S.K.: 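Mind having a look at this structure? Questions to follow.
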Amino acid sequence: MTIRRRFFLQAGAGMLLTSAAHGCIQSPQSGSTLKASNALLTQIKQRGHLLVATEDDYPPFEFLVNEKPIGFDHELLAQLRKTVAFEIRQEILPWQGILPGVADGKYDLALTAVGITDDRAKTLDFTMPIAESTIAYIKRKDDLTIKTLADLSGKVLGVQQGGVSLAAIPDLAAQLKQQGGTLGQVKQYRGFAQAYQDLLNQQLDAVLHNIVSLSVLVSEKPAIFELGERVSRKSYAAWAVKKGNQDLLDLLNRFLGDLRTQGELKRLQEKWFKITFANLPTQPLLPGDRPLS
């Protein structure tokens, strides 16, 4: 049994728009209408369906229990499927293949918690944020050598290969330098399960991850792990589409905006994150609350 399953088996803005230029799609949940542009419907018809990519090892957003996919994004996907009139197919794959697949057009949507970064904004467009994704660290509960961020100086840190935790390393290095410290060794992992295992086995001193995932992990295993400080600028997670796919982006923003207005997004945050984000921006922002150019 993987550490992911050991940790989580017990775990428990905008209004809908109308236009004559859009095709009407009836929502069976609320009786309201969600409309897709003719251009988007043509795009979907060419493939035969909307193809979304999700991860399998990113709790509480997406993970597997007894081979069944569950989590925050899976619940949102289920609601999206009920809202639109076209077929949505899903592929579950490791994180490293998702964003390149969307940028290349293999997938229409990265329906996962994609951290909004400067590099990613070059090839992807983002929906309104679904959560905060500021990076923090966790350590072993019994490791008394780490009490503050400054104590990470010279320590061995674990991050996800190609993930936002890796992108946060320059922020952490700058903070350590300001306090007279230095960045230690950084080990990259395909998934966080092995990083957490290496932390327990004292192969790592701390693991960097988004604040949501770490909050859930510590709430489930408070005797094992301890949540540390944020190590990066404030940042956000959103869904991502290929650069320029504005019609799909507009549809997704109307869907998410409606859930925010109804309070459904907050309910799902409470269920899966154990925390909520009442003041999320309605537009994607780069780390440090910077607007996308």
Side-chain angles (χ1 to χ4, degrees), residues 13-30 32-55 61-62 72-93 95 97-117 119-131 236-261 264-265 268 280-286 291-293:
M15 300 301 293
L16 298 180
L17 306 179
T18 59
S19 169
H22 291 71
C24 178
I25 298 175
Q26 187 70 23
S27 167
Q29 284 189 312
S30 63
S32 62
T33 55
L34 182 63
K35 297 175 182 290
S37 71
N38 291 331
L40 177 58
L41 293 174
T42 299
Q43 173 188 329
I44 294 171
K45 186 176 181 180
Q46 290 176 346
R47 193 193 291 273
H49 53 270
L50 189 77
L51 183 58
V52 306
T54 61
E55 197 176 345
F61 294 97
E62 304 138 57
F72 177 80
D73 282 314
H74 288 291
E75 287 214 33
L76 287 178
L77 174 58
Q79 295 201 34
L80 181 61
R81 279 177 162 148
K82 293 176 182 179
T83 303
V84 300
F86 47 81
E87 180 184 4
I88 300 178
R89 294 186 184 178
Q90 174 189 21
E91 287 193 20
I92 301 175
L93 63 152
W95 162 254
I98 293 179
L99 298 189
V102 172
D104 292 341
K106 181 178 181 180
Y107 307 107
D108 296 302
L109 169 64
L111 201 155
T112 182
V114 183
I116 304 171
T117 68
D119 285 342
R120 292 172 182 173
K122 297 174 183 177
T123 57
L124 301 168
D125 284 330
F126 302 93
T127 65
M128 64 177 64
I130 57 175
Y236 303 97
W239 294 346
V241 303
K242 185 177 181 178
K243 194 78 173 177
N245 196 347
Q246 191 64 44
D247 291 285
L248 178 55
L249 193 66
D250 289 344
L251 180 74
L252 295 170
N253 277 329
R254 294 196 297 268
F255 168 72
L256 292 172
D258 193 46
L259 294 186
R260 287 180 65 159
T261 300
E264 180 65 8
L265 200 64
L268 292 177
L280 285 175
T282 58
Q283 299 292 328
L285 294 175
L286 294 169
L292 278 74
S293 58

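Side chains included, hydrogens not; waters and symmetry mates left out as well; all remaining heavy atoms used. Model, not experiment: these values are computed from the prediction.
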S.K.: Is there a donor-acceptor pair under 3.5 Å between the side chain of Glu62 and the backbone N or O of Asp73?
M.R.: no

S.K.: Would you indicate whether the side-chain heavy atoms of Thr127 and Phe255 approach each other to under 4.5 Å?
M.R.: no

S.K.: Could you walk me through whether Asn245 and Gln43 pass side chain to side chain contact (heavy atoms under 4.5 Å, CB included), step by step?
M.R.: CA-CA 10 Å; Asn245 196 347; Gln43 173 188 329; 3.1 Å; yes

S.K.: Write down the atom of Pro129, the atom of Gln283, and the distance for their closest heavy-atom approach.
M.R.: CD-O, 3.6 Å

S.K.: Can you name the closest pair of heavy atoms from Tyr236 and Leu285 and give their distance?
M.R.: CD1-O, 4.0 Å

S.K.: Side chains of Leu286 and Ile116: closer than 4.5 Å at any heavy-atom pair?
M.R.: yes

S.K.: So which atom in Leu51 and which in Lys106 form the shortest heavy-atom distance, rounded to 0.1 Å?
M.R.: CD2-O, 3.4 Å

S.K.: What are the two closest non-hydrogen atoms of Ala113 and Ile130, and how far apart are they?
M.R.: CA-CD1, 4.3 Å

S.K.: Within a strict 4.5 Å, meaning less than it, do heavy atoms of the Asp258 and Gln79 side chains meet?
M.R.: no

S.K.: Between Leu50 and Leu248, does a side chain to side chain contact (heavy atoms under 4.5 Å, CB included) hold up when you go through it step by step?
M.R.: CA-CA 10 Å; Leu50 189 77; Leu248 178 55; 4.1 Å; yes

S.K.: Show the nearest heavy-atom pair for residues Pro284 and Phe126, with the distance to one decimal.
M.R.: CG-O, 3.6 Å

S.K.: My understanding is that only one of Val52, Leu109, Leu124 makes a side-chain contact (heavy atoms from CB on, under 4.5 Å) with Trp239; could you say which?
M.R.: Leu109

S.K.: Hey, does Ile92 have a side-chain heavy atom less than 4.5 Å from the side chain of His74?
M.R.: yes

S.K.: Report yes if some heavy atom in the side chain of Leu40 is under 4.5 Å from a heavy atom in the side chain of Leu251; otherwise report no.
M.R.: yes

S.K.: Could you list the residues that satisfy salt bridge (Lys or Arg N to Asp or Glu O under 4.0 Å) with Asp104, not counting sequence neighbours?
M.R.: none

S.K.: Can any side-chain N or O of Asn253 pair as donor or acceptor with the backbone N or O of Met128 at less than 3.5 Å?
M.R.: yes

S.K.: Would you say that Phe72 contacts Leu265 through its side chain, given a criterion of any heavy-atom pair below 4.5 Å between the two side chains?
M.R.: yes

S.K.: Applying salt bridge (Lys or Arg N to Asp or Glu O under 4.0 Å), name anything that partners Asp125, two or more places apart in sequence or on another chain.
M.R.: Lys243

S.K.: Quick check: do Leu76 and Leu259 have side-chain heavy atoms less than 4.5 Å from each other?
M.R.: yes

S.K.: Is a side-chain N or O of Arg120 found less than 3.5 angstrom from the main chain of Ala240, in a donor-acceptor match?
M.R.: no

S.K.: Decide yes or no for Val102 and Val114: does some side-chain heavy atom of the first lie under 4.5 Å from some side-chain heavy atom of the second?
M.R.: no

S.K.: Would you name the heavy atoms of Asp108 and His49 that are closest together and state the gap between them?
M.R.: OD2-O, 3.9 Å

